[in-house]
Amino acid sequence: MLQVNFLRQNTELAKKKLAIKHFANLNLVDEVIAIDDERKQLQASFDDIQSKVNAASKEIGGHMAKGEKDQSETLKNAVADWKKQLDPLKEKMALVEASLQQVIVQFPNLPHDLVPLGKTPEENEVVRVGGETPKLPTNAEAHWDLIKKHNLVDFETGAKITGSGFPLYIGKGAKFQRVLTQYFLDFNTAAGYTEYLPPFMVNAASAFATGQLPDKEGQMYHATEDDFYLIPTAEVPVTNVFRDTVLKESDLPLQMTAYSPCFRREAGSFGKDVRGLNRVHQFEKVEIIQIVHPDKSDEVLNEMVAHVEKLLTSLGLQYRILRLCGGDMGFASAITYDFEVYSAAQERWLEVSSVSNFQAYQTYRMKCRFKDADGKIQFAHSLNGSSLALPRIFAAIVENYQTETGIALPKVLQPYFGAENLI
RNA sequence: AGAGAGGUGUCCGAGUGGUUUAAGGAGCACGCUUGGAAAGCGUGUAUACGGCAACGUAUCGGGGGUUCGAAUCCCUUCCUCUCUGCCA
């Protein structure tokens, strides 16, 4: 959520930046300032009258104590008159505040200066390419064929149990999921992240705080009886640990990592893009999250990108890092780097991680602050990234490590799996 | 799921309609004292909104109500604890 005061003080800059995100209705900036002006005015009149009421009430108490009935009756009448003015003011304030809220949540975060112009994924900027294209055997297959052949994942039975997009992992497939999770968590905690195991359902307040509500309501599974949402990512519960808090400056940076299943309804497209493990309704992911001093978030973003890069390198996967253009970025993000892994069998890049700096957009929304050295309250910056999303890494490893006779494993995973090969 | 007890500031805790301007204690910060420390003494120590400021307003889990006036009374909701039940 953007702050009105920022828009007030940087109106033109804000409009320029919103345009980079292809936000259409720039007049909304002026509108929100006008609504805020009205809110201030109403607040001032309200406070003024309320102040008189409070003073009179106290005076009445004094008169009552002394038994001065007449004086207190006169004052009571005066208070009654003021209160009549107060009621319509209160109603109007509620309306104005609601419309202010309704307008301000429509603004996406402003893009960082580094964000390239552009509207479509083709205009994303390739920052780096690393690793080598694997040389596959002549009989190489895509992962959806391999997992079927080796009975690692059974989509049909998953569909019987629940519905399409709910994979059932079996045997070595199930174990491989566990091994990947364990390796990712170990890799993250070794770098200083604290491991969390959060609730997999959240209430509406938490979903609002990280920005899933109100915009993405239809993309989450909703348990209506208890009004809980199944999490689309561990980012939601873990970031909310620090909702409504005032931290000490010395608490920062907070570094957290968490494994969770992720539930996404996303209607999605058809064909190759969604085949096999490329897009599913339930998948596992290990997430990294940081809450940091505002001066540090640029630096921390680079550290997080380097961290994920190291992790991909350790798996021996070919990857590329994209800096997303204004039109392809998420709503709440100021700058996002996507990681894609090359699938030689599918001959395409698969997104496996997305690392973003949200600056104060989430922390303002969920009131996560810290007290600086001068005792002033500031909003912290939040960042997060996947390290990593499991199904696509599963798919990429299965495809890229396939041999004439089976499927090998990256060296770092062999001790975790207790074997040199998956198959 | 049923019955009961609770939810007050950073923490503990007092407070059942009117100097509560939330007592008292602890912690923390600064100062005095000291060779240094502890103890002692003094001062300060929530958040949001409005205001250049003085200051004003709101907040005692959340929401609503009664009243001239609510931490206190009423309704509602969430959460915690104890007992009983059920359960991996």
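Letters A, B, ... are given to chains in the order of the sequence lines, protein chains preceding strands, and every chain is numbered from 1. Please read these numbers as outputs of a predicted model, since none were measured by experiment.
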How long is the line joining [atom1] of [X] and [atom2] of [N], in whole Å?
X: A:Lys58; N: B:U19; atom1: NZ; atom2: C1'; answer: 7 Å
X: A:Asn203; N: B:G63; atom1: CG; atom2: P; answer: 15 Å
X: A:Ile49; N: B:G69; atom1: CD1; atom2: P; answer: 14 Å
X: A:Leu247; N: B:U47; atom1: CG; atom2: P; answer: 13 Å
X: A:Leu100; N: B:A48; atom1: CG; atom2: P; answer: 17 Å
X: A:Leu86; N: B:C68; atom1: CG; atom2: P; answer: 14 Å
X: A:Lys248; N: B:A46; atom1: NZ; atom2: C1'; answer: 15 Å
X: A:Gln41; N: B:C49; atom1: CD; atom2: C1'; answer: 15 Å

What distance, rounded to whole Å, do you find between the two [atom1] atoms, one in [N] and one in [M]?
N: B:U21; M: B:U76; atom1: P; result: 30 Å
N: B:A1; M: B:U59; atom1: P; result: 33 Å
N: B:C60; M: B:A70; atom1: C1'; result: 11 Å
N: B:G13; M: B:G25; atom1: C1'; result: 8 Å
N: B:A71; M: B:A23; atom1: C1'; result: 13 Å
N: B:G44; M: B:G7; atom1: C1'; result: 29 Å
N: B:G56; M: B:G63; atom1: P; result: 24 Å
N: B:U19; M: B:A58; atom1: P; result: 15 Å

| Which dot-bracket notation, 5' to 3', represents the base pairing of RNA chain B when pairs are defined as Watson-Crick or G-U with both distances under 3.5 Å, crossing pairs as [ ], and inter-strand pairs as |? | ((((((((.[[[..)..(.....]]]((((((.......))))))(((((....))))).[[[[[..)....]]]]])))))))....
Side chain of [X] (C-beta onward), nearest among [options]:
X: A:Ser57; options: B:G18, B:A46, B:U21; result: B:G18
X: A:Lys83; options: B:A46, B:U67, B:A48; result: B:U67
X: A:Asn54; options: B:C68, B:A58, B:A48; result: B:A58
X: A:Val246; options: B:U47, B:C68, B:G50; result: B:U47
X: A:Lys371; options: B:U47, B:U21, B:C68; result: B:U47
X: A:Ser51; options: B:U67, B:C49, B:G56; result: B:G56
X: A:Arg369; options: B:C49, B:U47, B:C68; result: B:U47
X: A:Lys40; options: B:U47, B:G50, B:U57; result: B:G50

| query | Do we get A:Lys175 above A:Phe417's six-membered ring, with its NZ or CZ under 6.0 Å from the centre and within 45° of the axis? | reply |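 The answer is yes, since A:Lys175 meets both limits relative to A:Phe417.
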| message | Whether A:Arg264 engages the ring of A:Phe283 as a cation-pi pair (distance to the six-membered ring centre under 6.0 angstrom, angle to the ring normal within 45°) should be assessed. | response |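 Here A:Arg264 fails the 6.0 Å and 45° test against A:Phe283.
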Look at all strands and tell whether [X] reaches a base, only sugar-phosphate, or nothing, counting heavy atoms closer than 4.0 Å.
X: A:Asp48; answer: nothing
X: A:Lys52; answer: nothing
X: A:Leu75; answer: nothing

| query | What's the verdict on salt bridge (Lys or Arg N to Asp or Glu O under 4.0 Å) for A:Lys15 and A:Asp30, showing C-alpha distance, side-chain angles and the deciding distance? | reply | CA-CA 10 Å; A:Lys15 285 183 182 177; A:Asp30 301 309; 2.9 Å; yes
| said: Please check: side-chain N/O of A:Ser356 versus main-chain N/O of A:Phe358, any donor-acceptor pairing under 3.5 Å? | reply: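 Judged by distance alone, no pair lies under 3.5 Å.
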| query | Starting at the 5' end of RNA chain B, which residue's closest nucleotide do you reach first, A:Gln43 or A:Ala55? | reply |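 It is A:Gln43, whose closest nucleotide lies nearer the 5' terminus.
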| message | Judged by each residue's nearest nucleotide on RNA chain B, which is more toward the 5′ side, A:Ala56 or A:Ala44? | response |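 Of the two residues, A:Ala44 wins.
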| query | What orientation do A:Tyr416 and A:Tyr183 show, parallel under 30°, tilted 30 to 60°, or perpendicular over 60°? | reply |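 Rings of A:Tyr416 and A:Tyr183: perpendicular, over 60°.
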| What pair of heavy atoms forms the shortest contact from A:Arg243 to A:Ala205, and how long is it? |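 In terms of heavy atoms, the two residues are closest at NH1-CB, 3.7 Å.
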| task | List the atom of A:Phe331, the atom of A:Val105, and the distance in Å for their closest heavy-atom pair. | result |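 Looking at all heavy atoms of both residues, the closest pair is CZ-O, 3.5 Å.
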| query | Strictly by modelled atom types, are A:Gln362 and A:Glu235 linked by a side-chain donor-acceptor pair under 3.5 Å? | reply |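 Result is yes, a qualifying pair exists.
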| salt bridge (Lys or Arg N to Asp or Glu O under 4.0 Å) between A:Lys84 and A:Asp81, intermediate numbers included | CA-CA 5 Å; A:Lys84 268 183 220 147; A:Asp81 282 346; 3.7 Å; yes
